[in-house]
Novice: 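Below is one structure. I have some questions about it.
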Amino acid sequence: MTLRTTLRGAAVAAVAASLAAGTAVTALPATAAPGDGPGRALAPAAHPGQQAGKHQPGKPGKHTPRPGKPKPGKPGKNDPKAADPDFGPNVTFIDETWTTDQINAFLDTVNDEAEFSLDRHQVFFEPGTYGSAAGQDDPATATGIVNAEVGYYESIAGLGAQPGDVLVNGALHVEPVVGCPDQPWACADPGSLTRFWRSMSNLAFNPIQRPVGEDAARPFPAGVVEPHQMRWAVSQAAPMRRVDVRGSLTVFGRYGEFASGGYLANSRVAGTITTGSQQQWFTRNSEVGTWDGGVWNMVFSGVEGAPATDFGQDLGDGARGVKTTLDSTPVSREAPFLFRASDGELKVFVPHARTGSQGVDWGTDAASGRTIGIEDVYVARADTDTAASINAAVAGGKHLLLTPGVYELDAPIRVDNPRTVVLGLGYASLTPTAGTAALEIGDVPGVVVAGITVDANVPESETLVRVGTPGGAGADASDPTTLSDVFVRVGGPWVGKAVTSIEVNTDHTLLDHIWAWRGDHGQGIGWDANTGAHGVVVNGDDVTATGLFVEHYQENQTVWNGERGRTVFYQSEIPYDPPSQDAYRDGDRPGWASYRVADGVTQHEAVGLGVYSFFNQGVDVRVESGIQAPRTAGVRFRSMTSVFLNGSGGINHVINDTGDPAVGGFASPQVVSYPPTS
């Protein structure tokens, strides 16, 4: 049964002519429901009492949804330039002919998707300046600003060659769930713990933010910030890339609501980044003015202005440092992006990989990367394309651009040509319907995949994303196959099953911002329902991961079999739902370590790891250690923590037999280095 995902997008597109003509726009019809069927039924909207994704001590995980918005008349979608490809109804191009009111009204039509909606949205700003800077010193009275919240499955990007080519006077911001409007300080959970699946890139901001919509009418609005500040209060799968914030940034809610797991890369924040309740955060190859705060695991790699490492240090009054800083990133590659060239044509820029890098790299010349003309790109649409049509285009030498939508695939997308680019827009989602993988990359070098979501389905898949074949050749250290902003879900929107979410066989592969998630809430959730053994399995040598998030899988969540692997920042929660210790046991060992380096590996390095537990079945379930690795001089770890969040049971040791327990009550033991130096 085909998913009906395009009705709302078509309705948005239908009002574009009215917007362009300056005429009145009527309300959009309700979003079409997906087809019912095993493994593909849309999850109902979250409701009070539904379990949230992250937890704090003493706080039951309750997800209170944002109240539904009214649907007044809404501006629609601007037509792209005549020479552009047909991107379908879910891609919007905004240019300087739009008034600020029209921009804000349109953004309000695409920022209220439910957490497991099937609708997807990509918004592009053409080069130009948007909004007025006149009120920048007093946001409470500022007028004429671009000011909107960013919702689920919404990606907003500039089309300039540089971030500053699109300057926004205003704010595109993310606020936490407001569960208690009359006393928001009493509802820290879930806060931003479920603010997933949204992104912003290639934009410059003169931050001017004030509450919008229903938030502005609350007695204690969430959207209030200090002058020259913007809020991006998110958790996983919500990256900011290539963003120039000409002011300050806060990444948690106004009233201290919980947040967990953000990612910032290739960006500049001139002022202060205030982290508050943000539990962990990874910042890579950026520039910051001042960094303020951190809860458990804050990691900086190649960041100019980063704070000094203090992880494990006694800061007084019982506090210990949680920050780890690497002067440079061992291997990095920025994500490809669409831009408007000086000749007016759309092109894709693909940055080169770098080693030992530091700071931002916004170059778009030949020394910085390669440019692909849009004529060499196959623009796919979920409402018209199949696995066969996509594979025919890619086999014929085309790069692939996946426009927003849910792609039901009866066979995997196959990439067998070297240096092929696969770029998703607006959280384009792939789901296999025949028990296959969703994406398979052959034994070829330099493939770049960015901006896609992969959803497991039924029947069960052995692997959802496979990079290379076991023992295959084709790797190139100078042009590594790269996965950026690739997010995998097993359960959540529907029942899904997959033994392994991502399998990496090609040497020198780079994994940059991965979230592999066996769902803990949504539809199709249960120990025997959304089954998944491993999130990431690495068999290739010299593989690097920068920003690796892997959660809730039922065995070792990350398995590293290859030599000379490197991880910079790792965040993981143990599954919540093992019904008993017997159901969650690695042979004679209680539980399964989240991060597992195979016994035969002789060289491995990992920095900045956090593994957290919340067993919610009311039984005493233990994990012997969150990290398990051979004890040898060539296998080295730095800055590790375990955290007991809530529930029962817990983690006996941080790594192997080292580290205090996090069992039975809140605890966050740390291990600074392993093996011990003395």
Novice: Run the salt bridge (Lys or Arg N to Asp or Glu O under 4.0 Å) test against Asp455 and tell me which residues pass, sequence neighbours left out.
Specialist: Arg489
Novice: With sequence neighbours left out, write down each residue that passes ring pair (Phe, Tyr, Trp, His ring centres under 6.0 Å) with Phe125, or none if nothing qualifies.
Specialist: Tyr130
Novice: Applying side-chain contact (heavy atoms from CB on, under 4.5 Å), can you list everything that pairs with Ser155, at least two apart in sequence or on another chain?
Specialist: Gln122, Ser199, Tyr427
Novice: Got a list of side-chain donor-acceptor pairs under 3.5 Å for residues 166-173, not counting sequence neighbours?
Specialist:
residue : atom : partner : partner atom : Å
Asn169  : OD1  : Asn206  : ND2          : 3.0
Asn169  : ND2  : Gly131  : O            : 3.1
His173  : ND1  : Glu175  : OE2          : 2.7
His173  : ND1  : Gln209  : NE2          : 3.4
His173  : NE2  : Asn147  : OD1          : 2.9

Novice: Mind checking what makes side-chain contact (heavy atoms from CB on, under 4.5 Å) contact with Gln183, not counting sequence neighbours?
Specialist: Cys180, Trp185, Ala186
Novice: Return the set of residues passing ring pair (Phe, Tyr, Trp, His ring centres under 6.0 Å) with Phe349 (not counting sequence neighbours), or none when no residue passes.
Specialist: Phe337
Novice: According to salt bridge (Lys or Arg N to Asp or Glu O under 4.0 Å), does anything in residues 250-277 pair up with another residue at least two apart or in another chain? List the pairs.
Specialist: Arg268-Glu287
Novice: For Asp292, which residues count as a salt bridge (Lys or Arg N to Asp or Glu O under 4.0 Å) partner, sequence neighbours excluded?
Specialist: none
Novice: Mind checking salt bridge (Lys or Arg N to Asp or Glu O under 4.0 Å) for Asp385 and listing every partner two or more places apart, or none if nothing turns up?
Specialist: none
Novice: Would Arg198 and Tyr152 count as a cation-pi pair here, with the cationic atom under 6.0 angstrom from the ring centre and within 45° of the axis?
Specialist: yes
Novice: Sequence neighbours left out, what passes salt bridge (Lys or Arg N to Asp or Glu O under 4.0 Å) with Arg381? Give chain and number order.
Specialist: Asp86, Asp383
Novice: Which residues satisfy the ring pair (Phe, Tyr, Trp, His ring centres under 6.0 Å) test with Phe549, sequence neighbours excluded?
Specialist: His513, Phe569
Novice: Can you sort out the partners of Phe205 under ring pair (Phe, Tyr, Trp, His ring centres under 6.0 Å), two or more places apart, ordered by chain and number?
Specialist: none
